[in-house]
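Predicted model only: the values in this text are computed from it and were never measured. Note that these values count all heavy atoms, side chains included, but never hydrogens, waters or copies made by symmetry. Throughout, residue positions are numbered sequentially from 1 according to the sequence presented.
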Amino acid sequence: MPRKRKIVPESVIPDTDSELNVNCNEVKKYLYKVQSDEAYHKTYAKELRQLYDRMEHDDFTTVFIVCLKQLMQSEINQFTNTGLKFMAEFVSTFQAEDMHPLFDSIFVWIFKTVSPNATIRLRLCEFVNQMLNSLPDNGEIEEFHCNEILSYMMDRLKDISPHVRVQAINALCRLQNKDDPNDDVIQIFQFHMECDPAPLVRQAVVSSIARSERTIPFILGRLQDADVRVRRTVLAHMSNYSLNKCSVDQRLTLLERGLSDSSETVRMVAVKYMLPQWLTLCDNEFVAFLTSLKLYQNELELYRFRNVTRMALLAMFRSQDPLNLIKVLPLTETTDEEDISYHCCINIDQLTPELSVFWVTLIEFFQSDITYFDHLERILPDLPTICESIAGFGTRKKPIHDKLSSQCIFLSLIELLQMIDFSDQSGRESVKNTIVYLLVQSATCDENLTKSLITICEKLIPSSNSRLQFYVDIVKNILHPIDPDGSFSSWKLDSNTETDVKSLSVKLVELRKSQTKLLETNECEKLAAVEKEIGLVKEQLLFLIAPFSTEATIISNFERITSDNLLRGLKFIFHGVCSKTVTHLNPSMYQLYEDVISVRLESDDMELRDWALKCTATFGLLCSKLANYAYQAFCKQLFCHQVKSIWITSIRAIFQLIDRYGIEFLDKHDKADSRPPAALVNSALLAGQSLDDNLNISRPNDEHISATDILLLLNRYLGSSQDVDITCELVDGFCLLIVHGRFFETEIMAKLIVMYFNADIEPIVTQILSVFFETLIQYKKQKYFQLSISKTLSAIQGEETSNVTTLRSVLKFILQAMMNDKGEISADTVAALLVWMDDQPTESRSLNVISKEILSLKPLCKDEESRWHLIELINNLVDQKIPKESQRNLKSFRKIVEKLNCSESKIEFSSTRPADGVEEDALSNPDDDCHSELELNPNEKCNDITQAVENYNEIDKRDSIDVPMVRINKKRKCHKKVT
């Protein structure tokens with residue numbers, strides 16, 4: 001490695017010892033000295049200025065430019081950098097004098113210099129950049145110089161070298177005007193920030209562009225950049241920007257992207273720099289910090305606010321004193337005389353959305369580390385206390401907060417309830433009562449809160465049968481607001497009636513206990529008798545209470561079911577049953593399906609019908625005897641209705657039922673048993689037989705639609721659907737069946753492959769297909785690619801927008817998927833390509849592409865027969881009238897095949913059975929579809945997709961920018977450098 005050394009200026013001085021030569025040598029002497037140390041630069045600049053005054057301008061400029069050229073042509077090291085920096089600072093000292101000839105001459109030389117050497121072009125841009133940086137913050141230069149710099153650097157932004165483009169961006173940094181909406185510099189900065197292929201250039205633009213209301217959205221867009229350095233620079237660049245100048249949505253975007261970035265270095269910038277500065281701007285008040293991030297107009301924005309703020313708080317808590325964090329909470333301590341323990345809680349009137357989020361996050365932080373156990377006891381209330389707080393918040397007559405704020409507080413309280421230990425028996429009863437209250441009476445309990453409460457129920461009641469019975473009782477309470485199981489103290493009963501009511505109430509409680517025990521032991525006969533007796537006791541209670549009730553016609557009110565209550569009940573049934581902890585249904589749940597769900601499948605209210613269909617799908621996935629009925633019901637919905645939500649639910653359910661049971665099972669059409677469902681349920685209970693073996697529900701119509709026919713019909717929709725959500729469901733469903741080995745058609749597989757390479761397809765569809773193909777390759781089911789090669793190539797030929805690039809891309813993708821670790825490919829795959837070429841002798845464009853790809857393959861022949869078969873196919877093609885290029889490629893490939901040694905090893909793929917060990921992360925397990933797939937949105941199915949980094953190619957944008965240069969004798973303010 002050569003040593004770094006100072007550059008000695010070349011001598012161009014004649015032998016004569018004239019005064020001019022002496023002065024020129026002095027100039028070179030100074031320019032040699034400045035490379036050593038920056039400490040004496042001011043002294044050298046002063047002496048060099050005196051020497052300039054003694055010399056002629058042209059002589060000094062000539063020597064100065066000669067030295068400048070020599071430094072620019074030399075190797076890049078610390079000495080040349082120091083020398084160029086001094087020369088730039090020296091020239092900038094003349095800027096204060098109007099139209100100084102040295103300043104103007106250097107600029108003229110720079111702008112006229114053209115070099116094929118990228119290093120020299122880099123040095124020229126860097127020199128201009130150093131000159132501008134040497135100017136004071138309020139410095140001004142001539143308008144025509146600004147125009148020349150702008151024109152020159154705009155041209156350098158088209159340079160093929162990214163380092164030159166970086167220096168051009170740095171030079172233009174101080175020439176931008178953020179107050180001008182049509183500023184040329186900012187516009188070109190925005191272009192390169194989004195479109196430049198070099199990460200270094202995008203990073204330079206992010207750190208150089210002026211931050212304003214107009215440019216911040218473009219800067220935040222780089223938080224999704226493929227390069228880590230660009231994303232890190234965005235966070236560092238925005239960390240010292242005033243929090244008040246960003247909108248709330250932009251603040252949330254910065255935190256959300258920064259704290260959840262895949263790179264540790266990017267996350268550390270957000271944690272160590274951005275969050276502390278933002279907290280300082282809020283006077284180190286956590287509640288004020290959360291208030292600055294609060295913006296929600298709907299439920300999605302509310303959940304986003306909660307998720308982002310909790311991530312930010314957890315990151316900030318690690319560097320804070322736990323005692324100071326506890327002081328933020330206005331805790332109320334009450335002493336229980338029995339156990340002498342402190343139950344710390346916050347007064348409901350003092351609870352705000354921000355404070356509730358802080359409280360829950362702090363408990364989560366303390367629970368994550370055992371060293372904070374003592375601090376946790378000071379802020380974590382017990383079960384009865386938190387249940388009382390939840391009930392108190394829901395029963396306030398005058399709500400303090402709006403609906404979304406109340407929902408935020410409710411979510412925090414429910415999450416707090418999930419964090420508490422359920423070992424306390426008295427507390428468990430309080431939790432049950434609270435759950436019943438929230439689900440039955442609270443108007444704040446929405447679908448998301450329902451999911452949280454079901455999660456609590458699963459921890460509270462481990463037994464599946466008991467929990468399902470608990471769900472059934474809750475649904476009945478939801479559907480019937482007036483329940484005779486409640487308290488009757490508000491009604492004025494006479495003494496005799498009151499005694500009878502109390503007696504029947506006690507009897508009802510005892511029957512409930514017996515029902516719970518029988519559910520655990522699965523004694524069907526006794527359970528049916530107890531449930532029948534419970535119904536009789538309820539009827540007697542209603543008969544006794546009706547004359548004394550202040551409500552009008554209690555019986556009719558009891559039987560009336562409102563639309564809101566019915567919708568809430570259906571949602572609760574769906575989320576309660578659609579769980580991994582539920583593997584079978586009990587008799588009460590079957591009866592609930594008959595009484596509530598099945599009769600709503602033809603409701604005029606589309607929302608009710610949609611949720612009834614979702615419940616039907618869930619029940620069908622858990623009960624084989626309900627599966628065929630559910631399948632026919634979904635088919636009927638497709639034929640009879642044109643509502644998008646109904647179609648999405650029906651398509652999703654059909655695919656899941658086929659995946660769960662198979663085509664053969666659903667094609668069975670047994671009409672032997674046509675009894676109504678309720679009769680079947682009762683007969684099964686009385687006979688002590690399994691419901692799954694005896695339950696049969698009448699079909700929605702007499703005509704049976706086979707599963708194969710419906711799949712072929714959905715295949716037609718796949719090619720013609722214009723709705724992205726329906727397309728997502730169709731693609732996801734077919735991918736599911738193919739991976740699990742339930743269904744395969746070469747036409748469908750070919751359509752999926754072509755769709756993957758269609759540039760006009762929606763990104764979400766491409767992501768689903770990407771996961772599908774990765775799963776096929778991972779579990780060695782590439783046989784599907786081989787079977788569909790011919791159909792795929794024919795489908796590409798039929799596309800109006802098809803071209804050589806698309807054909808080559810699809811073919812390379814299929815062949816790479818079929819190769820083994822050694823890069824070898826099965827001879828059967830090559831034979832399939834040759835057969836297609838033989839069938840399409842007139843497609844010259846396709847034949848050339850395919851023959852070129854075949855030439856690069858390494859076929860693996862298992863025996864001599866397969867090798868001679870390939871040679872025979874090649875000979876048949878060569879004898880035909882095909883393009884010369886294809887003939888040449890095939891002849892070359894024939895020589896390769898003739899030299900092959902047949903190997904006993906072969907590439908084996910599986911196409912007849914589901915992939916072993918397919919995890920839920922790849923595609924849904926057929927046994928667990930009822931637990932997750934029905935409630936997923938198509939746009940949320942691909943969160944774990946691995947994003948491939950694009951291979952950038954250097955591009956030339958010379959024709960895309962045209963900046964006219966106008967020489968006007970005006971001065972323009974040189975703005976302060978962006979920091």
Side-chain angles (χ1 to χ4, degrees), residues 570 574 578 593 597-621 623 626-669 697-738 740 742-745 747-748 751-752 755 762 765 768 924 926 929-930 933-938 941:
L570 290 174
F574 172 73
C578 187
Y593 176 80
I597 300 174
S598 61
V599 296
R600 302 301 189 284
L601 293 179
E602 297 298 330
S603 173
D604 294 334
D605 189 332
M606 290 297 120
E607 189 174 9
L608 285 177
R609 178 185 297 186
D610 188 30
W611 281 100
L613 288 171
K614 290 179 180 179
C615 293
T616 300
T618 306
F619 277 63
L621 291 169
C623 173
L626 277 174
N628 210 300
Y629 168 80
Y631 166 75
Q632 293 298 327
F634 292 124
C635 292
K636 181 180 179 181
Q637 298 297 326
L638 289 178
F639 289 112
C640 300
H641 304 285
Q642 300 293 327
V643 181
K644 177 181 174 180
S645 60
I646 303 298
W647 267 49
I648 290 176
T649 301
S650 301
I651 292 172
R652 189 182 306 173
I654 287 173
F655 279 117
Q656 290 174 359
L657 288 170
I658 294 175
D659 180 62
R660 178 69 174 84
Y661 298 104
I663 295 177
E664 295 79 6
F665 178 86
L666 295 178
D667 283 345
K668 294 178 181 177
H669 184 49
I697 300 180
S698 58
R699 274 72 177 180
N701 51 35
D702 294 334
E703 183 181 356
H704 183 86
I705 306 170
S706 69
T708 304
D709 292 340
I710 199 68
L711 287 176
L712 295 177
L713 180 63
L714 294 178
N715 177 34
R716 293 179 57 189
Y717 290 150
L718 178 63
S720 60
S721 174
Q722 301 296 324
D723 187 272
V724 62
D725 295 330
I726 294 178
T727 302
C728 283
E729 291 299 332
L730 292 171
V731 170
D732 189 68
F734 281 119
C735 293
L736 185 71
L737 297 184
I738 293 174
H740 291 157
R742 291 295 190 182
F743 179 76
F744 177 76
E745 281 287 338
E747 181 182 353
I748 296 176
K751 190 176 295 185
L752 294 176
M755 187 180 294
E762 293 292 334
V765 179
I768 295 174
S924 301
D929 289 335
C930 56
E933 286 291 323
L934 285 172
E935 53 187 334
L936 289 178
N937 185 285
K941 291 181 181 176

All side chain to side chain donor-acceptor pair (under 3.5 Å) counterparts of Ser706, not counting sequence neighbours | Asp709
So how far is it from Phe655 CZ to Phe743 CZ, rounded to the nearest 0.5 Å?
-> 8.5 Å
Quick one: do Leu638 and Ile710 satisfy side chain to side chain contact (heavy atoms under 4.5 Å, CB included)? Show the steps, please.
-> CA-CA 10 Å; Leu638 289 178; Ile710 199 68; 4.2 Å; yes
Minimal heavy-atom distance between Leu601 and Ala633, with the atoms involved, is CD1-CB, 4.4 Å
Could you list the residues that satisfy side chain to side chain donor-acceptor pair (under 3.5 Å) with Thr616, not counting sequence neighbours?
-> Tyr593
Listed partners of Val643 passing side chain to side chain contact (heavy atoms under 4.5 Å, CB included), at least two apart = Met606, Ser645, Ile646
Are Leu712 and Arg716 side-chain neighbours, meaning at least one heavy-atom pair lies under 4.5 Å?
-> no
Name all pairs fulfilling the ring-ring contact (aromatic ring centres under 6.0 Å, His included) condition that reach into residues 707-733, sequence neighbours left out, sorted by first residue then second.
-> Trp647-Tyr717
With sequence neighbours excluded, what pairs up with Glu607 under the side chain to side chain contact (heavy atoms under 4.5 Å, CB included) test?
-> Leu567, Lys571, Asp605, Trp611
For Thr727 and Ser721 the tightest heavy-atom approach is OG1-OG, 3.4 Å
Asp725 backbone acceptor or donor facing Lys644 side chain under 3.5 Å = no
Minimal heavy-atom distance between Ala653 and Ala617, with the atoms involved, is CB-CB, 3.7 Å
Over all atoms of both residues, closest heavy-atom pair of Ile651 and Glu729 = CG2-CB, 4.1 Å
Is there side-chain contact between Ile648 and Asp610, with heavy atoms separated by less than 4.5 Å?
-> no
For Cys615 against Phe574, the heavy-atom pair lying closest together = SG-CB, 3.7 Å
Can you check whether Arg742's main-chain N or O pairs, donor with acceptor, with Asp659's side chain at less than 3.5 Å?
-> no
Could you walk me through whether Ile705 and Leu713 pass side chain to side chain contact (heavy atoms under 4.5 Å, CB included), step by step?
-> CA-CA 11 Å; Ile705 306 170; Leu713 180 63; over 6 Å; no
Report yes if some heavy atom in the side chain of Glu602 is under 4.5 Å from a heavy atom in the side chain of Lys636; otherwise report no.
-> yes
Distance in Å, Asp732 CG paired with Ile768 CD1, rounded so as to fall on 0.5 Å steps = 5.0 Å
Mind checking whether Leu714 and Phe734 have side chains closer than 4.5 Å, heavy atoms only?
-> yes
If you measure from CD on Gln637 to CG on Leu613, what distance do you get to the nearest 0.5 Å?
-> 4.5 Å
In Å, rounded to the nearest 0.5 Å, how long is the span from CG of Leu718 to CE of Met755?
-> 4.0 Å
What distance do Cys623 atom SG and Asn628 atom CG have between them, rounded to the nearest 0.5 Å?
-> 11.5 Å
Return the set of residues passing ring-ring contact (aromatic ring centres under 6.0 Å, His included) with Phe744 (not counting sequence neighbours), or none when no residue passes.
-> Tyr784
Of the non-hydrogen atoms in Leu570 and Ala612, which two are nearest, and what is the gap between them?
-> CD1-N, 4.1 Å
From CD1 (Ile654) to CZ (Arg652), nearest 0.5 Å = 12.5 Å
Kindly write out the residues that satisfy ring-ring contact (aromatic ring centres under 6.0 Å, His included) with Tyr631, not counting sequence neighbours, or none if the list is empty.
-> none
